[in-house]
Amino acid sequence: MRLFDTRTGDTRELIAGHTVRLYVCGITPYDATHLGHANTYVAFDLLNRAWRNAGHVVTYVQNVTDVDDPLLERAERDSDDWVVLGMRETALFREDMESLRVLPPRHYIGAVEAMDEITELVGKLLASGAAYRADDPEHPDVYFDHTATADFGYVSRYSTAEMERIFPERGGDPDRRGKRHPLDALLWRTAREGEPSWPSDLGDGRPGWHVECTAIALNRLGEAFDLQGGGSDLAFPHHEFGSAHGEALTGLHPMARHYCHAGMIGLDGEKMSKSKGNLVFVSRLRADRVDSMAVRLALLSGHWRTDRSWTAELLTTGQARLHRWREAVALGATPDPTELVEKVRLHLADDLDSPGALAAVDAWADEALRRPSATVPDGGSRAADAVDALLGVALR
Ligand code: 5CA
Ligand code: ZN
């Protein structure tokens, strides 16, 4: 399996043992799953399927950021209970993923249920000197000193200027008083009036965002796990700090062997994001009786790392493709799919080249629908099984 690695900036062989240890960042459940989220999970699902198909056992871990500022703010805005909001959106996410045939992770862990793991990790970072208390007697929050590990910035490979620009846009608090450096990231926020908090040796409070993933990943996958994944907006600061936390804890550099980031999906040219409100929800499409397999094919028609837009045309093309593939499979007797299956495997092993894999199935379906003389009786069902196993598209 060759995959592009954000950290090294090149496409390289990912040499995995029999068991592959995969961590993909989960949702912050304050709103429904849009096609941007879906694209990221479908991309890593493709990887999961390619590994399994090659005989690996994949230990897949994913978190749910079920307590964080965006969730609390949305609950406040809508006079909703943040716990109920999180539960509702998490349940909807799981339904959406199931409809898209995204294989569920082995461990699906919320920040709240991992609270003890998180506080233990923060305690260790404080004890080692990688973390410190903000110089603020009223709220002595715990921060991670971003200079605690050598070579900070190696995941995203952003310059200091870029990091300083992006940090406040993605949850960072450069102007918080009492910090050693503007770029330092929150590990533990001491209790505030009206906010949820948990008792701990650190004092009552709640966790910062990055440390949640470090604790959940390391405690289930162990040191130097194979791959940390998410959308490209997570490279910095989230994975940068997550890796630095892990490195400060274990002394191993880097925390994960590969860092992979899926491209951003926009709507008609603009990044799809909750704050812009230009969202297409998976659940909306489902409610409109759109076949989720066509949605999956529409997402897979672009390369996983490429930023791209969702358009009505993309979906129409996905629907037409699905129809054609199903017609071919329904013939029963079709051209021998052996070569097709091998081609799809090779395309996936080549940095998850889904457009190449789709084109190979297209060619096979075209040939089948021309009704050639050389066919095998079980061709259709064998092709359907392979397309389902490797691409997650059900054709029957
Ligand atoms: N809970 C954190 C990760 S620990 C979080 O980022 N949650 S999220 O709900 O905001 O995003 C979930 C996943 O969807 C992340 O991997 C994120 O990178 C990805 N994502 C968000 N917006 C888009 C988009 N427009 N296109 C592609 N992926 C996206
Ligand atoms: Zn995460």
Side-chain angles (χ1 to χ4, degrees), residues 1 3-8 12-28 40-41 43-66 90 94 97 102-125 128 130 144 149 154-156 185 187 207-231 234-235 237-262 352:
M1 171 65 66
L3 267 183
F4 186 87
D5 182 352
T6 309
R7 180 177 67 88
T8 55
R12 63 191 180 91
E13 198 69 34
L14 200 160
I15 301 160
H18 178 61
T19 300
V20 189
R21 297 164 302 155
L22 170 67
Y23 187 92
V24 178
C25 282
I27 54 161
T28 304
T40 292
Y41 298 109
F44 289 101
D45 185 58
L46 215 51
L47 181 61
N48 188 4
R49 285 170 181 274
W51 270 327
R52 286 166 174 247
N53 189 262
H56 293 279
V57 171
V58 182
T59 306
Y60 181 1
V61 179
Q62 193 177 118
N63 69 309
V64 193
T65 307
D66 57 3
T90 303
R94 294 176 77 151
M97 292 300 107
V102 170
L103 302 173
R106 168 87 176 73
H107 301 280
Y108 191 52
I109 310 289
V112 171
E113 80 181 284
M115 203 56 74
D116 291 347
E117 302 175 29
I118 297 169
T119 55
E120 187 189 342
L121 201 161
V122 175
K124 285 181 181 166
L125 293 176
S128 74
F144 183 80
T149 54
Y154 61 76
V155 174
S156 61
L187 288 168
W209 170 30
H210 320 306
V211 68
E212 154 194 350
C213 286
T214 307
I216 292 172
L218 286 179
N219 286 331
R220 282 157 196 81
L221 297 175
E223 293 173 356
F225 61 90
D226 293 291
L227 196 151
Q228 161 91 70
L234 296 190
H238 187 52
H239 292 166
E240 200 69 72
F241 273 104
S243 193
H245 297 342
E247 193 177 329
L249 184 81
T250 65
L252 285 178
H253 169 94
M255 178 176 72
R257 297 168 61 214
H258 255 74
Y259 285 86
C260 293
H261 295 103
L352 298 176

Let me see the working for Leu22 and Phe225 under side-chain contact (heavy atoms from CB on, under 4.5 Å), right down to the final yes or no. CA-CA 7 Å; Leu22 170 67; Phe225 61 90; over 6 Å; no
With a 4.5 Å cut-off on side-chain heavy atoms, are Pro207 and Ile118 touching? yes
With distance as the sole test, does [X] use its side chain to make a donor-acceptor pair with the main-chain N or O of [Y] at under 3.5 Å?
| X | Y | value |
| --- | --- | --- |
| His56 | Arg52 | no |
| Thr6 | Ser156 | no |
| Arg106 | Thr59 | no |
| Arg21 | Glu223 | yes |
| Asn219 | Ala215 | yes |
| Glu240 | Val155 | yes |
| Asp5 | Tyr259 | yes |
| Asn63 | Gly26 | yes |
| Glu113 | Gly110 | yes |
| Asp226 | Val20 | no |

Kindly compute the distance separating [atom1] ([X]) from [atom2] ([Y]), expressed to the nearest 0.5 Å.
| X | Y | atom1 | atom2 | result |
| --- | --- | --- | --- | --- |
| Trp51 | Tyr60 | CH2 | OH | 10.5 Å |
| Thr214 | Phe144 | OG1 | CZ | 9.0 Å |
| Leu103 | Tyr41 | CG | OH | 15.0 Å |
| Cys213 | Gln62 | SG | CD | 9.5 Å |
| Leu234 | Phe241 | CG | CZ | 14.0 Å |
| Thr65 | Glu212 | OG1 | CD | 4.0 Å |

Does a donor on one side chain sit under 3.5 Å from an acceptor on the other, for Tyr108 and Thr90? no
Residue from His239, His238, His258, His261 passing side chain to side chain donor-acceptor pair (under 3.5 Å) with Gln228: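 Running side chain to side chain donor-acceptor pair (under 3.5 Å) over His239, His238, His258, His261 with Gln228 returns exactly one hit, His239.
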Considering non-hydrogen atoms only, spot the tightest contact between [X] and [Y] and give its length.
| X | Y | answer |
| --- | --- | --- |
| Ala217 | Tyr23 | CB-CD1, 3.4 Å |
| Leu352 | Ala43 | CD1-O, 3.8 Å |
| Asp66 | Ala111 | OD1-N, 3.0 Å |
| Gly246 | Met255 | CA-SD, 3.9 Å |
| Leu252 | Glu247 | O-CG, 3.3 Å |
| Ile109 | Ala114 | CG2-CB, 4.1 Å |

Should Arg12 and Thr8 be marked as a side chain to side chain donor-acceptor pair (under 3.5 Å) after you check the CA-CA gap, both sets of side-chain angles, and the distance that decides it? CA-CA 9 Å; Arg12 63 191 180 91; Thr8 55; 3.3 Å; yes
Check the surroundings of atom CZ in Arg257: do more than 12 heavy atoms from other residues, nucleotides or ligands lie under 6.0 Å from it?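 Correct, the count exceeds 12.
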Sort out for me which residue in Thr119, Leu121, Leu249 forms a side-chain contact (heavy atoms from CB on, under 4.5 Å) with Val211. Leu121
side-chain contact (heavy atoms from CB on, under 4.5 Å) between His245 and Leu187: does it pass, once the steps are laid out? CA-CA 9 Å; His245 297 342; Leu187 288 168; 3.4 Å; yes
Determine, stepwise, if the pair Leu227 / Leu3 fulfils side-chain contact (heavy atoms from CB on, under 4.5 Å). CA-CA 10 Å; Leu227 196 151; Leu3 267 183; 3.7 Å; yes
